[in-house]
**Student:** 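Here it is: the structure, laid out below.
Treat the numbers as computed from the prediction; the structure is a model and nothing was measured.
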Protein chains: 2
Amino acid sequence: MRRTKAEAEETRNSILHAAERVFYEKGVSNATLDDVAKAAGVTRGAIYWHFANKTDLFLELYNSVSLPLEDMIARDIEQPASGVLAFIEKLTVDWLDELASDEHRQRIFTILLRCSYGGDLMPVLERQQEVDDRHLASLESAFARARNEGHLNENWTPHSATRALWWMVGGLCTEWLLFGRRFDLAAEGRDGLKRLFASFRPATIDIEAPADVHSIA
Amino acid sequence: MRRTKAEAEETRNSILHAAERVFYEKGVSNATLDDVAKAAGVTRGAIYWHFANKTDLFLELYNSVSLPLEDMIARDIEQPASGVLAFIEKLTVDWLDELASDEHRQRIFTILLRCSYGGDLMPVLERQQEVDDRHLASLESAFARARNEGHLNENWTPHSATRALWWMVGGLCTEWLLFGRRFDLAAEGRDGLKRLFASFRPATIDIEAPADVHSIA
DNA sequence: ATTCTAACATACACACTTGTTTGTATAGTT
DNA sequence: AACTATACAAACAAGTGTGTATGTTAGAAT
């Protein structure tokens, strides 16, 4: 039953997709390789051909997800300094929108949130920490630039604003993913971010803006 | 080896404590009942005498943790309306302090965060959702009172303030617990909450306060 | 003092999962 | 056309955890 290379790559992908679904539904440690095999329409032999073992399959699945957030954040250096805060806000909102519409990424994140990281999954944890730390550093430097230009409210520091944003987005996504997506992630996130970023901005008296404060509601 | 009732209750508790440690270290599904038994200094027979199975043991462990947050929040109804925001802030800070100093609760929460909730653990998830919903409703009504008294900044609504606070605290604790407690939970939390609550308050011109803004830094 | 039973320990049977090994048909290679 | 490595399927071997059944001892009841 030797398949062509394209077909082999196809079965490898189908195994990865099946693993994503099965890991998401049953949890990584509760899922059996036979579950994955059946979901992919193959036998365990195929899995052991393409992957060394379950941990390796999980790592490959983790590697297969692209993390465009890094690129997005990296670009903020080149953005005009005047709108740093607006840029970060848009970036975050866009990221939430993408998560809300990408079931693939939803499942991956949920799997990562629910898995134990005990023993052989340590490299995943460490890589994730490292990525997070880079994101936090990027964000904090962006907030620092905003402050230096006088665009950051004095209530906040670059560090505290970074953490507040990070924790709020993290908490939002965690609750949404772990508790059955019981609300509109994009809408609630957009609203919360709008208000948080409003508090980030200095309390300037809106000189040029018309004073129709009530029209918002 | 028949023991007295007090001794039996003692072994039951030792089993619960061992389960807490073992579940925390190896994850619920990766932990063996024999691991728990050995950690408790008994055999699996003792566990099966006191508990029906692993799921039941986990549920009993979950039930054994007291959730004083409910009482704390319930009392806010009786607080003076003038300081609702300050009261909520203090409540949250106190709760963080308690979590930071109570390793028992840290382990329980970590276990809950890391476990899969697949299949037979559904009741736990549902109960937790229900508890969370009550907390959120309490918080939101408190914020509503603050707004009615004119103590809530117009940038925020009771709903959005509740969610922002909830998500920020949740994200804070989640990161702290899952990523190895790499920062000072109480200090960072207190600082972040201070700034968030500052943005909750209306931007009153501090008439009576001396204008030494720079002395803070 | 005897009996009963709570509170375990021990032993066993069973299912399940993993990893490996063997088989096999076919795509590519010469 | 023959050969070989590929891409799996199928069978096998071994370990592991669970649930239960049985054994044992000492507190408690009469």
**Student:** Has B/Ser101 got a side-chain atom pairing as donor or acceptor with B/Asp97's backbone, closer than 3.5 angstrom?
**Tutor:** yes

**Student:** Tell me every residue that passes ring-ring contact (aromatic ring centres under 6.0 Å, His included) with B/Phe143, counting only those two or more places apart in sequence or in another chain.
**Tutor:**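 Applying ring-ring contact (aromatic ring centres under 6.0 Å, His included) to B/Phe143 gives B/Phe200.
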
**Student:** Do any N or O atoms from the side chain of A/Ser138 and from the backbone of A/His135 form a donor-acceptor pair under 3.5 angstrom?
**Tutor:** no

**Student:** Can you give me the N/O atom pairs linking the protein to nucleotides 28-30 of chain D at distances under 3.5 Å, or say none if there are none?
**Tutor:**
none

**Student:** Can you sort out which residues in residues 38-55 of chain B have a heavy atom within less than 4.0 Å of DNA chain C? Ascending by number, please.
**Tutor:**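 Going residue by residue through residues 38-55 of chain B, the ones with a heavy atom under 4.0 Å of DNA chain C turn out to be B/Val42, B/Thr43, B/Gly45, B/Ala46, B/Trp49, B/His50.
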
**Student:** So, the side chain of A/Arg195 versus the backbone of B/Asn155: is there a donor-acceptor pair under 3.5 Å, distance only?
**Tutor:**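 Side chain of A/Arg195 to backbone of B/Asn155, a donor-acceptor pair under 3.5 Å: yes, one is there.
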
**Student:** Does the pair A/Lys5/A/Glu9 count as a salt bridge with the N-to-O cut at 4.0 Å?
**Tutor:**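 A salt bridge is absent here (no side-chain N lies under 4.0 Å from a carboxylate O).
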
**Student:** For nucleotides 1-3 of chain D, which of its nitrogen or oxygen atoms have a protein nitrogen or oxygen under 3.5 Å away, and what is each distance?
**Tutor:**
none

**Student:** Could you state the atom-to-atom distance from CG of A/Asn30 to P of D/dT18 in whole Å?
**Tutor:**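 In whole Å, D/dT18 P lies 11 Å from A/Asn30 CG.
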
**Student:** Which ones in residues 11-18 of chain B lie close to DNA chain C, meaning a heavy atom under 4.0 Å from one of its atoms?
**Tutor:**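 Going residue by residue through residues 11-18 of chain B, the ones with a heavy atom under 4.0 Å of DNA chain C turn out to be B/Thr11.
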
**Student:** Quick one: salt bridge (Lys or Arg N to Asp or Glu O under 4.0 Å) pairs with a partner in residues 29-41 of chain B, sequence neighbours left out?
**Tutor:**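 Those involving residues 29-41 of chain B are B/Lys26-B/Asp35, B/Asp34-B/Lys38.
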
**Student:** Whole angstrom is fine here: how far is it from CG in B/Asp35 over to C1' in D/dG17?
**Tutor:** 10 Å

**Student:** Can you tell me how far C1' of D/dC8 sits from CD of A/Glu10, to the nearest Å?
**Tutor:** 14 Å

**Student:** Could you work out, with salt bridge (Lys or Arg N to Asp or Glu O under 4.0 Å) as the rule, every residue matching B/Glu89, not counting sequence neighbours?
**Tutor:**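 Only B/Arg201 meet the salt bridge (Lys or Arg N to Asp or Glu O under 4.0 Å) criterion with B/Glu89.
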
**Student:** Tabulate below the donor-acceptor pairs under 3.5 Å that side-chain atoms of residues 172-180 of chain A make, not counting sequence neighbours, or state none.
**Tutor:**
from, atom 1, to, atom 2, distance (Å)
A/Thr174, OG1, A/Gly170, O, 2.7
A/Glu175, OE1, B/Trp167, NE1, 2.8
A/Trp176, NE1, A/Phe183, O, 2.9

**Student:** Rounded to the nearest angstrom, tell me the gap between atom CG in A/Leu33 and atom P in D/dA10.
**Tutor:**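 Distance, rounded to whole Å: 17 Å.
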
**Student:** Can you name the residues that form a salt bridge (Lys or Arg N to Asp or Glu O under 4.0 Å) with B/Arg181, not counting sequence neighbours?
**Tutor:**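 Residues passing salt bridge (Lys or Arg N to Asp or Glu O under 4.0 Å) with B/Arg181: none at all.
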
**Student:** What residues, two or more places apart in sequence or in another chain, satisfy salt bridge (Lys or Arg N to Asp or Glu O under 4.0 Å) together with A/Arg107?
**Tutor:**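 For A/Arg107 the salt bridge (Lys or Arg N to Asp or Glu O under 4.0 Å) partners, ignoring immediate neighbours, are A/Glu20, A/Glu103.
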
**Student:** Looking only at heavy atoms, which two atoms of A/Leu152 and A/Pro158 are closest? And how far apart?
**Tutor:** CD2-N, 3.9 Å

**Student:** Applying salt bridge (Lys or Arg N to Asp or Glu O under 4.0 Å), can you list everything that pairs with B/Glu188, at least two apart in sequence or on another chain?
**Tutor:**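 With neighbours one apart ignored, the set is empty.
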
**Student:** Kindly state each residue pair satisfying salt bridge (Lys or Arg N to Asp or Glu O under 4.0 Å) with at least one member in residues 53-62 of chain A, sequence neighbours excluded.
**Tutor:** A/Arg12-A/Glu60

**Student:** In whole angstrom, what separates B/Glu9's CD from C/dC8's P?
**Tutor:**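 After rounding, the gap between these two atoms is 10 Å.
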
